Trainee: 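Take this structure, written in structure tokens, and hold onto it; I'll ask about it next.
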Number of protein chains: 2
Amino acid sequence: MTPPPNATRTTKPPYHHGDLPRALVAAATRLIEDGAGAQVTLRAAAEAAGVSIAAPYRHFESREALLAAVLIEGFHELTQRMEDARAAATEPLAALAATGLAYVRFAADRPALYRLMFSPACDKAAFPELMDAGHASLAVLQDAVRDARRQLGITEEAVARVALSGWSLTHGLASLYVDGLLADARPAEALDALAQGMIATLIAGLRAS
Amino acid sequence: MTPPPNATRTTKPPYHHGDLPRALVAAATRLIEDGAGAQVTLRAAAEAAGVSIAAPYRHFESREALLAAVLIEGFHELTQRMEDARAAATEPLAALAATGLAYVRFAADRPALYRLMFSPACDKAAFPELMDAGHASLAVLQDAVRDARRQLGITEEAVARVALSGWSLTHGLASLYVDGLLADARPAEALDALAQGMIATLIAGLRAS
DNA sequence: AGCCGATGTTATCCTTGTCAACATGACCCC
DNA sequence: GGGGTCATGTTGACAAGGATAACATCGGCT
């Protein structure tokens, strides 16, 4: 798994070692999910990628920059999952609920990564690309809300605010889950059920206004 | 400010230096809020408290333990604020909304601290007291929900689940705010308005079910 | 008064982020 | 094909910071 299969190979293969940037991101991701969490060490990532300690600096300005790259990829995956879920539904309200559910499921599937994506371990303001990736995820939810505007009975200007409500709700639930503050909701099914219930309640509240 | 005035002196004054544990927690809190964030350094806290580098180890097992103490105090303050807000309202539904609003305001007032309180910088599972402090805050919200059970039209067994919804919503909003992902909602008033609207929507949704 | 243990200090080690100086080898151009 | 050039990778070193050990100090108890 160290040499990641050229899954979404968009950039041309760089130099003689292979794709070191990608290898480093993959190694760091793996380390994070294997328990290192926010304390991933640049040295460990370099070693896992099979290069020397200083090699990463040819591709990343700092440890934090590597972390940012990992998180950006995380946001891309999140965006993808939300888009897929949204596209699979046939009806706007169902699509909206599915989008929210996909969000929570992502957090449940990749808790360590999700945690870092919303942690001060990486100063988002310092990495515009990271901020953009985050906003791209939010945009999916906004689109889903816009599609369900009629069913929700809201105006176009309210879309952003309503999307924010949805994001807050799912993000809050997901955060509590990955932080272990949800003693119950242990099996993933329980979390799923909780998320679905909450989303339904919020939608009901919107329609009642 | 190095020798902190014995503000809420509850433990007996220890030894000859004064109350070093408290001084360290205060110093660390200050450093965190002055921009150090999760990268507070044990050395800096020790220096700010006017003691040598190794002194903190007489009172805290590790840097993380000091951090945990800071966060515990943060949760206590959060609990207090929620309780005050809840007590000030005269009607159950208003009390519930006020409790949620107090939560968001705490995050807005002390963003750096709030951030750390829900970050992987400190492994909550390793500090039972920290976990307890967090649960105490949640308990306030649960009590507020229980008081409004009739108005919300929910059963006693649903209380925990509904409280969780409310916590998720407010925590999500607060998290997005302190993470700077809310480009809008800059002035605190906007955040207040957003929070109130969301809480009202959620309550409406609960009553509609 | 004199002991004891809690508290604080000094010296030191180890990990880790970061940088500078050097090595290498792929690609381009003639 | 051969040499130049620049991106890429390596070695070595430094500084910051967490952690510990050995020593120093001071208050309270007997």
Side-chain angles (χ1 to χ4, degrees), chain A residues 2-3 11-28 31-32 34-71 116 119-123 126-127, chain B residues 2-4 6 9 11-28 30-32 34-71 116 119-123 126-127:
Chain A
T2 305
T11 59
K12 61 183 190 300
Y15 256 70
H16 56 332
H17 178 94
D19 196 336
L20 185 52
R22 206 170 284 277
L24 283 170
V25 170
L31 287 167
I32 287 167
D34 281 3
Q39 285 106 37
V40 226
T41 196
L42 200 51
R43 292 168 126 89
E47 188 180 11
V51 294
S52 78
I53 304 161
Y57 285 91
R58 295 293 169 194
H59 305 277
F60 301 96
E61 274 203 344
S62 64
R63 170 186 173 280
E64 206 180 350
L66 171 57
L67 206 53
V70 170
L71 303 191
L116 283 219
S119 93
C122 184
D123 178 15
F127 300 93
Chain B
T2 307
N6 43 4
R9 171 69 53 87
T11 59
K12 62 181 189 302
Y15 257 73
H16 56 333
H17 177 94
D19 196 337
L20 186 52
R22 204 169 285 277
L24 284 170
V25 170
R30 186 189 173 86
L31 288 168
I32 287 168
D34 280 2
Q39 284 106 38
V40 227
T41 197
L42 201 52
R43 291 167 125 90
E47 189 179 10
V51 294
S52 79
I53 305 162
Y57 287 93
R58 294 291 171 196
H59 305 277
F60 300 97
E61 274 204 344
S62 64
R63 170 187 172 279
E64 206 180 348
L66 171 57
L67 206 54
V70 170
L71 303 190
L116 247 33
S119 91
C122 184
D123 179 15
F127 299 93

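By convention in this document, chain letters (A, B, ...) are assigned in the order of the sequence lines, proteins followed by strands, and residues within each chain are numbered from 1. Heavy atoms only: backbone and side chains are in, while hydrogens, waters and symmetry mates are out. Nothing here was measured: the structure is a model prediction, and the numbers come from that model.
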Trainee: From B/Ile32 CD1 over to B/Leu67 CG, what is the distance, rounded to the nearest 0.5 angstrom?
Mentor: 5.5 Å

Trainee: Specify the closest pair of heavy atoms between B/Ala27 and B/Ala49, including all atoms of both residues, with the distance to one decimal.
Mentor: CB-N, 4.4 Å

Trainee: Give me the bend of the helix from C/dA1-D/dT30 to C/dC30-D/dG1, using the axes of the five pairs at each end, rounded to 10°.
Mentor: 0°

Trainee: Applying salt bridge (Lys or Arg N to Asp or Glu O under 4.0 Å) as the test, list every pair that has at least one member in residues 34-50 of chain A; sequence neighbours left out.
Mentor: A/Arg30-A/Asp34

Trainee: Measure from CG on B/Leu66 to P on D/dA19 and round the result to the nearest Å.
Mentor: 11 Å

Trainee: Quick one: A/Phe60 CZ to D/dT8 P, roughly how many Å, whole number?
Mentor: 12 Å

Trainee: In Å and rounded to the nearest 0.5 Å, what is the CG to CG distance from A/Leu66 to A/Leu24?
Mentor: 6.0 Å

Trainee: Provide the closest heavy-atom pair for B/Ala28 versus B/Val40 in the form atom of the first, atom of the second, distance.
Mentor: O-CG1, 3.9 Å

Trainee: Would you please name every residue forming a side-chain contact (heavy atoms from CB on, under 4.5 Å) with B/Ala126, sequence neighbours left out?
Mentor: B/Asp123

Trainee: Between A/His59 and D/dA7, is there a side-chain N or O to OP1/OP2 distance below 4.0 Å?
Mentor: no

Trainee: Taking side-chain contact (heavy atoms from CB on, under 4.5 Å) as the test, write out the residues that go with A/Phe127, two or more places apart.
Mentor: A/Glu64, A/Ala65, A/Ala68, A/Cys122, A/Leu130

Trainee: Which letters describe nucleotides 16-22 of chain C, given B = protein heavy atom under 4.0 Å from base, S = only from sugar-phosphate, - = neither?
Mentor: BBBBBB-

Trainee: Atom CG of A/Leu24 to atom C1' of D/dG9: distance rounded to whole Å?
Mentor: 12 Å

Trainee: Distance check needed: D/dA16 C1' versus B/Glu47 CD, whole Å only.
Mentor: 13 Å

Trainee: What are the two closest non-hydrogen atoms of B/His59 and B/Pro21, and how far apart are they?
Mentor: ND1-CG, 3.3 Å

